[in-house]
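What follows is a short report on a single structure.
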Amino acid sequence: MKTFGAITDVPGITVGHAGDLKALTGCTVVLCAKGAVGAVDIRGAATGTREIDALSPHHLVETIHAVLLTGGSAFGLDAAGGVMKYLEERGKGFNVGKTTVPIVPAAVIYDLGLGDFRVRPDLAMGYRACLNASTQVSKGSVGVGTGATVGKLFGMDRAMKGGVGTSSLRGPHGLVVGTLVVVNAFGDVVDPDSHKILAGARASKRGERFTDSTAWIKRGVMRRRFGTSDLSRASRFNTTLGIIATNARLSKKDAHHVARIAHSGLSKVISPFHTTFDGDLLFVLSLGGKRADINTVGLLGETALMESAFRAITKADGFGILPAYKDVKI
């Protein structure tokens with residue numbers, strides 16, 4: 001089997017990006033057109049979502065057909081309509097007799113503060129992302145990662161560029177676990193072994209020295225710096241979204257357990273994580289029939305999420321507006 005080091009190593013998964021490099025926004029679709037059992041683990045306090053209820057174990061619908069990650073804040077959810085249009089044209093979705101209704105859960109990041117806030121992912125962009133879908137996945141500042149940023153404790157002018165990344169791991173007996181992550185975090189991105197900051201809040205607007213957001217927050221900087229209105233505004237700027245796909249056979253309940261286990265991987269590479277300023281969530285998709293322990297799937301997912309976040313940051317491009325990892329001498 002050809003491997004891509006990406007979520008598309010899981011058979012039945014394709015990924016498509018679409019974006020606007022002038023407005024600095026975009027969306028990414030993960031297609032599983034034949035259907036996948038899905039679940040979600042929501043940790044953020046400021047999420048923006050669509051069709052999440054279909055992932056409940058109590059919901060009538062058993063499978064979903066795509067997941068959309070999009071910029072544009074809540075406005076960007078309109079792009080899910082383009083994914084639905086694409087799938088309906090191909091007869092994919094929940095059969096209701098006269099047509100099929102594609103089930104497309106979606107989640108957003110806030111990127112309105114970087115480019116032209118008047119331009120957001122829409123139906124046309126979501127459709128274009130589907131047309132671009134393939135098994136080869138670009139990383140960095142593409143798709144939903146186009147306007148992603150990290151390290152925003154001291155504001156956008158001292159932040160750095162985020163992005164989207166993907167990776168996969170193989171487990172026993174043919175098990176494959178792949179992940180895709182868009183890193184748009186309030187906190188810094190760190191090396192999990194050395195704890196060295198790779199990208200994050202900088203000491204000055206033009207500087208390359210990092211400040212260590214977690215250390216400053218522990219000193220109470222957050223309370224001194226922000227008033228109530230600023231806290232409300234800051235909470236909308238940050239979200240890390242992830243997707244795990246696997247060829248393991250999972251129920252919705254199993255998939256949710258996998259999400260809960262794996263989600264901790266991102267807390268090892270983003271610091272601080274799951275703050276009141278983040279809208280983090282993690283999807284899990286099960287497409288295959290491999291028998292596997294959910295703990296094995298979850299721990300492989302945890303490791304793959306960490307690698308995907310690393311790739312998202314190291315492949316990011318600041319477009320001359322914000323520095324990216326490749327622009328800073330660490």
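Worth saying up front: this structure is predicted, and the values here are computed from it rather than measured. Below, all heavy atoms of this structure are taken into account, side chains as well, without hydrogens, waters or symmetry copies.
- Of the possible polar contacts, one joining the Asn132 side chain to the His17 backbone as a donor-acceptor pair under 3.5 Å is found.
- Lys252 NZ: more than 12 foreign heavy atoms inside a 6.0 Å radius.
- Using a 4.0 Å cut-off between charged side-chain N and carboxylate O, Asp20 and Lys22 make no salt bridge.
- Ile244 has its side chain out of reach of Leu285: every pair of non-hydrogen atoms, C-beta onward, lies at least 4.5 Å apart.
- Although no hydrogens or angles enter the test, the distance criterion places no donor-acceptor pair under 3.5 Å between the side chain of Lys161 and the main chain of Gly140.
- Salt-bridge check for Arg311 with Glu307: passed, with a basic side-chain N closer than 4.0 Å to an acidic carboxylate O.
- Salt bridge status for Asp41 with Arg43: present, with a side-chain N to carboxylate O gap under 4.0 Å.
- The side-chain tip of Lys85 points at the ring of Tyr127 from less than 6.0 angstrom away and within 45° of straight on.
- Although no hydrogens or angles enter the test, the distance criterion places a donor-acceptor pair under 3.5 Å between the side chain of Arg158 and the main chain of Arg202.
- When the shell of 6.0 Å around CZ of Phe319 is examined, it contains more than 12 heavy atoms from other residues, nucleotides or ligands.
- Side-chain contact check for Leu55 versus Phe283: some heavy-atom pair is nearer than 4.5 Å.
- Closest approach of Ser213 and Asp188 over heavy atoms only: N-OD2, 2.8 Å.
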